[in-house]
Amino acid sequence: QVQLVESGGGLVKDGGSLRLSCTASGHTSTNNDFMGWFRQAPGKEREHVATRWFTTGSTHYGDSVKGRFTFSGDNVKSPVYLEMNNLKPEDTAVYYCAARFGGTVWFGSNWYKLESNYPYWGQGTPVTVSS
């Protein structure tokens, strides 16, 4: 059974930093794996944050986090991380790790934002940024 476990969330002040981690287990690595981070703020829809397609090494970020957040991790066999710097109150949300290990993927425009491309999801870790 595939499991994704996030950690690292917490309370931080405006302008501060946090590092989230996500560890996958119970999966089999393929040559078409990718992992991503999404977030959901209270009363809002879930939003894409960052995704790395390990096959090519390409990384995609949401517009609201570009230049502040960094995805690190080179494969699904080790933890991946989301380094979050210069945090703002609007970054307050529950952050979810998501993954796909192989299979048929729709690689159309903005494919990394499509939640249906990620069969596996973690339980989420909350991040609160105080002003």
Side chain to side chain contact (heavy atoms under 4.5 Å, CB included) partner of Arg39, the single match among Val65, Val94, Leu20: Val65
hydrophobic_cluster_shared for Tyr95 and Val12, side chain cutoff 4.5 Å: yes
Side-chain donor-acceptor pair present, Glu47, Ser64, cut-off under 3.5 Å: yes
pair Arg19-Ser17: side-chain heavy atoms closer than 4.5 Å: no
Residues Trp121, Cys97; criterion side chain to side chain contact (heavy atoms under 4.5 Å, CB included); working and verdict: CA-CA 6 Å; Trp121 292 78; Cys97 177; over 6 Å; no
Point-to-point distance, once rounded to the nearest 0.5 Å, from OG1 of Thr51 to OH of Tyr61: 10.0 Å
Stepwise side chain to side chain contact (heavy atoms under 4.5 Å, CB included) check, Phe69 with Leu82: CA-CA 7 Å; Phe69 290 13; Leu82 184 68; 4.1 Å; yes
Spacing of Leu18 atom CG and Asn85 atom CG [to the nearest 0.5 Å]: 9.5 Å
Residues, nucleotides or ligands: over 12 heavy atoms within 6.0 Å of Gln123 CD: no
Side chain to side chain contact (heavy atoms under 4.5 Å, CB included) evaluation trace for Asn110 with His48: CA-CA 10 Å; Asn110 294 326; His48 174 260; over 6 Å; no
Distance (rounded to the nearest 0.5 Å) between Lys88 NZ and Ser131 OG: 14.0 Å
Contact summary for Arg52 and Asp74, nearest pair of heavy atoms: NH1-OD1, 3.8 Å
Check: His27 side chain, Ala99 main-chain N or O, donor-acceptor pair, under 3.5 Å: no
Euclidean distance, Thr56 OG1 relative to Asn32 CG, rounded to 0.5 Å: 9.5 Å
ILVMFWY cluster, Val80 and Val5 together (side-chain gap under 4.5 Å): no
Distance (rounded to the nearest 0.5 Å) between Asp33 CG and Thr55 OG1: 6.5 Å
Pair Asp63-Lys66, salt bridge (Lys or Arg N to Asp or Glu O under 4.0 Å): steps then yes or no: CA-CA 5 Å; Asp63 290 340; Lys66 282 180 182 177; 3.2 Å; yes
Nearest-0.5 Å distance that lies between atom NZ in Lys77 and atom OG1 in Thr28: 10.0 Å
Nearest heavy-atom neighbours spanning Gly122 and Tyr96: O-CD2, 3.6 Å
Closest contact, heavy atoms only, Val105 versus Arg100: CG2-CD, 3.1 Å
Nearest heavy atoms of Val127 and Gly9, plus distance in Å: CG2-CA, 4.1 Å
Residue pair Ser72 / Glu83, side-chain heavy-atom distance below 4.5 Å: no
ILVMFWY network linking Phe38 to Val129, side-chain heavy atoms under 4.5 angstrom: no
Distance flag, aromatic centroids of Phe34 and Tyr118, threshold under 6.0 Å: yes
Closest non-hydrogen atom pair between Cys22 and Leu4, with its separation: SG-CB, 4.1 Å
From CA spacing to verdict: side chain to side chain contact (heavy atoms under 4.5 Å, CB included), Tyr81, Thr70: CA-CA 8 Å; Tyr81 303 94; Thr70 303; over 6 Å; no
Member of Trp53, Trp111, Phe71 meeting the ring-ring contact (aromatic ring centres under 6.0 Å, His included) criterion with His60: Trp111
